[in-house]
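Letters go in sequence order (proteins before strands), and every chain restarts at 1. What you see is a predicted model, and the numbers here were worked out from it, not measured in a lab.
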Amino acid sequence: GAGVSQSPRYKVAKRGQDVALRCDPISGHVSLFWYQQALGQGPEFLTYFQNEAQLDKSGLPSDRFFAERPEGSVSTLKIQRTQQEDSAVYLCASSLVQEGEAFFGQGTRLTVV
Amino acid sequence: QKEVEQNSGPLSVPEGAIASLNCTYSDRGSQSFFWYRQYSGKSPELIMSIYSNGDKEDGRFTAQLNKASQYVSLLIRDSQPSDSATYLCAVLGRFGAGTRLTVKP
């Protein structure tokens, strides 16, 4: 596709359940970012990949959060043992280079009940 | 101190006025600066990028960068109600909290 694609668009998880969120970046984009956005806040940085290498994971809030991009294209953000405070919109963005213009997917709205 | 700081607003201007949005950043090594617009319930969309000191104009939008002061701003001329949105400043993959702009008819 022409843009960044994220799935699912919506996810409801019971507290304690594991979830996996997928991001399919723009073809050829080397850089991939994950963000968490709470209502009324700006996107909070979670992690950054350059190809398959996870170069920065300083924003991951706990060891329950894990991200991978094994072949340098599609990325998955996994949250284990979800908690209510994990409820947010998770955004993925990709860019041609690290300091280049980043384009966002539609986001995944996660609700933990 | 956060890496990217914005006045959270909200900012309200009448239709036709100039809206001025400001952003400061902490990393002196930053080379690329971006403004995004985010409508409620939607993802951020890129509206301006700026890489060197000075002004960059694109239609009704002007981005201004001052690396010595670590300051970047966005001016929206002839503001329209359709410009009502949250404006996000981004530096090195980090975003500010956003400034919510309302343009009143």
Side-chain angles (χ1 to χ4, degrees), chain A residues 1-7 9-10 21 23-26 29-50 53-60 67 75 88-111, chain B residues 1-11 21-52 56 58 61 63 65 67 72 74 84-102:
Chain A
V4 179
S5 179
Q6 291 187 246
S7 62
R9 290 292 310 277
Y10 303 93
L21 312 180
C23 173
D24 201 337
I26 294 171
H29 277 196
V30 166
S31 297
L32 186 146
F33 301 82
W34 282 100
Y35 297 91
Q36 180 190 63
Q37 188 171 30
L39 194 64
Q41 302 295 317
E44 287 289 336
F45 172 83
L46 294 177
T47 188
Y48 163 69
F49 289 87
Q50 185 170 305
Q54 190 175 19
L55 298 186
D56 189 345
K57 53 181 181 179
S58 61
L60 296 176
S75 177
V89 175
Y90 290 86
L91 294 165
C92 174
S94 71
S95 64
L96 207 50
V97 294
Q98 183 180 6
E99 286 212 57
E101 299 172 346
F103 298 91
F104 281 83
Q106 317 95 308
T108 294
R109 181 177 296 278
L110 173 66
T111 303
Chain B
Q1 182 189 4
K2 289 201 71 174
E3 293 158 294
V4 182
E5 300 263 11
Q6 291 181 252
N7 290 334
S8 57
L11 175 65
L21 306 161
N22 304 314
C23 172
T24 58
Y25 60 93
S26 59
D27 191 329
R28 287 195 169 273
S30 306
Q31 298 296 319
S32 308
F33 308 86
F34 304 98
W35 283 99
Y36 288 78
R37 177 176 60 200
Q38 187 173 27
Y39 291 114
S40 181
K42 302 293 186 182
S43 294
E45 58 176 329
L46 181 69
I47 53 171
M48 287 286 287
S49 58
I50 187 165
Y51 303 96
S52 24
K56 179 182 177 183
D58 184 1
F61 297 95
L65 174 62
K67 289 186 180 179
V72 57
L74 180 71
S84 298
T86 296
Y87 289 81
L88 298 160
C89 173
V91 182
L92 283 178
R94 267 56 173 187
F95 283 78
T99 299
R100 184 166 183 162
L101 172 67
T102 300

- [ ] Under 4.5 Å, heavy atom to heavy atom: which of residues 91-99 of chain A reach chain B? Give them by number, or say none.
- [x] A:Leu91, A:Glu99
TODO: Measure B:Gln38 against the heavy atoms of chain A and call it side chain, backbone, both or neither at under 4.5 Å.
DONE: side chain
Task: chain A contact via B:Phe33 - which portion, at a heavy-atom distance below 4.5 Å - done: neither
Taking the side chain as everything from C-beta on, heavy atoms only, tell me whether [X] gets closer than 4.5 Å to [Y].
X	Y	answer
B:Lys67	B:Tyr25	yes
B:Leu74	B:Thr99	no
A:Leu60	A:Trp34	no
B:Met48	B:Asp58	yes
B:Leu11	B:Leu21	yes
A:Tyr90	A:Tyr35	no

TODO: Name the member of B:Ser49, B:Gly93, B:Ser40 that forms the most heavy-atom pairs with chain A at distances under 4.5 Å.
DONE: B:Gly93
Open item on the list: Counting heavy-atom pairs under 4.5 Å with chain A, which one of B:Gly98, B:Ala90, B:Ala97 comes out on top?
Closed with: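 The residue among B:Gly98, B:Ala90, B:Ala97 with the greatest pair count is B:Ala97.
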- [ ] Mind ranking A:Glu44, A:Glu101, A:Gln106, A:Gln41 by heavy-atom pairs under 4.5 Å with chain B and telling me who comes out on top?
- [x] A:Glu101
Open item on the list: Please identify, among A:Ser31, A:Gly40, A:Gly100, the residue contributing the most non-hydrogen atom pairs under 4.5 Å to chain B.
Closed with: A:Gly100
Task: For the student: nearest non-hydrogen atoms of B:Phe95 and A:Pro43, plus distance - done: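 Distance-wise, the nearest heavy atoms are CB-O, 3.6 Å.
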Task: Heavy-atom closest contact (A:Ala102 atom, B:Tyr36 atom, distance) - done: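 Nearest heavy atoms, A:Ala102 then B:Tyr36: O-OH, 2.9 Å.
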Task: Engaged part of A:Tyr48 at the chain B interface, taking heavy atoms whose separation is under 4.5 Å - done: neither
TODO: Check whether any side-chain N or O of B:Ser84 sits under 3.5 Å from a backbone N or O of B:Thr102 as a donor-acceptor pair, and report yes or no.
DONE: no
